Amino acid sequence: MAKCHVCFRHCMIEEGGIGFCGARTVKNGEVVAMNYGKVSGLALDPIEKKPLNNFFPGSYILSVGSFGCNLRCPFCQNHDISWSKEARIYAEDAERVSPKELVKAALDTRDRGNIGIAFTYNEPLVGYEFVRDSAVLAKEHGLKTVLVSNGTAELSVLDEIVSYIDAMNIDVKGFTDEYYDKVLGGSRKQVMEFIEEAVRHCHVELTTLIIPGENDSEEEMRELSGWVKEIELTNGKNIPLHITRFFPRFKMTDRDATDVRKVYRLAEVAREKLEIVYTGNC
Ligand code: SF4
């Protein structure tokens, strides 16, 4: 039995067992990432798709995903690689890619506008060792590195990777403990601490997906944007906020897509405090 220290769950995992995220196991008494180098998707995406609008706009980035997630968002858009039953089966059959092979693929696509590597699609930090090893190598070759994360990781994990990451998009999925706890199976406190620290080191943009009836009040957006403003003031930099529209999918099909007028209204509310606010999926 060994304890995983990657996120707030601190899973106790038996030898050969699997942690809550489906990505970590125990081998010879040590917790290791069983998804190391296992690739679920590899694509050359526009940087704006991460979404990052204020980091090398107009460029492309080689985006790589693996398997597993430490949250349980019922509306997950990537459930086939995150936390559905299929994800486990799919992960077993996936091929492994080494950091060296990934960096070579990134270098080979530079002539198509690629600036580097983005770790994305599933939650990259449940397998942070692959992110770290690949990012170290990528930086040695002059590539840019991007992390797209739910921010649910200990600061010790952030500390291991942050010197090698140029930009992050981090979810702030809502701004109440209840929503994080009961709907997402997460910890708002851990996400807030992660973001506050990440902003000190690299370019950060944030994303909030608006779910009807869950996190769509003006009051909550005022609190969220007020907190972001405080971080901006502390660090002397703007933090772009992406407010995006929900569509029913996976286990959350009991409600309609977010009314676009609601998304625009919440963006107006956020702009009362913040300079850079984008709307998405509208
Ligand atoms: S990263 Fe995975 S195994 Fe580790 S504590 Fe979090 S959910 Fe558990």
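We count ligands from 1, going down the list as the structure has it; atoms in each ligand are counted the same way. Note that the coordinates shown come from a computational prediction; the quantities given were computed from them, not determined experimentally. Only heavy atoms go into these numbers, but all of them, side chains included; no hydrogens, no water, no symmetry mates.
- Annotation for ligand 1: atoms under 4.0 Å from non-hydrogen atoms of C21 are 1 (S), 2 (Fe), 3 (S), 7 (S).
- Annotation for ligand 1: atoms under 4.0 Å from non-hydrogen atoms of V6 are 1 (S).
- Annotation for A167 and L52: closest pair CB-CD1, 3.9 Å, computed over non-hydrogen atoms.
- Checking C7 against atom 2 (Fe) of ligand 1, every N/O/S atom stays at or beyond the 2.8 Å cut-off.
- If you look at H10 next to ligand 1, the close heavy atoms, those under 4.0 Å, all belong to the backbone.
- Within a 6.0 Å sphere centred on CD of E15, other residues, nucleotides and ligands contribute more than 12 heavy atoms.
- Contact atoms of ligand 1 toward G19: 3 (S) (distance under 4.0 Å to a heavy atom of the residue).
- Ring to ring, F130 and Y36 are close: their centroids are under 6.0 angstrom apart.
- Geometric assessment of R72 against the ring of F20 yields a positive cation-pi assignment under the 6.0 Å and 45° thresholds.
- For F250 and W83, the distance between ring centers is under 6.0 angstrom.
- Judged by the 6.0 Å and 45° rule, R188 forms a cation-pi pair with F175.
- Considering only non-hydrogen protein atoms, atom 8 (Fe) of ligand 1 sits nearest to C11 SG, 2.3 Å.
- Taking backbone and side-chain atoms together, C4 has an N/O/S atom less than 2.8 Å away from atom 4 (Fe) of ligand 1.
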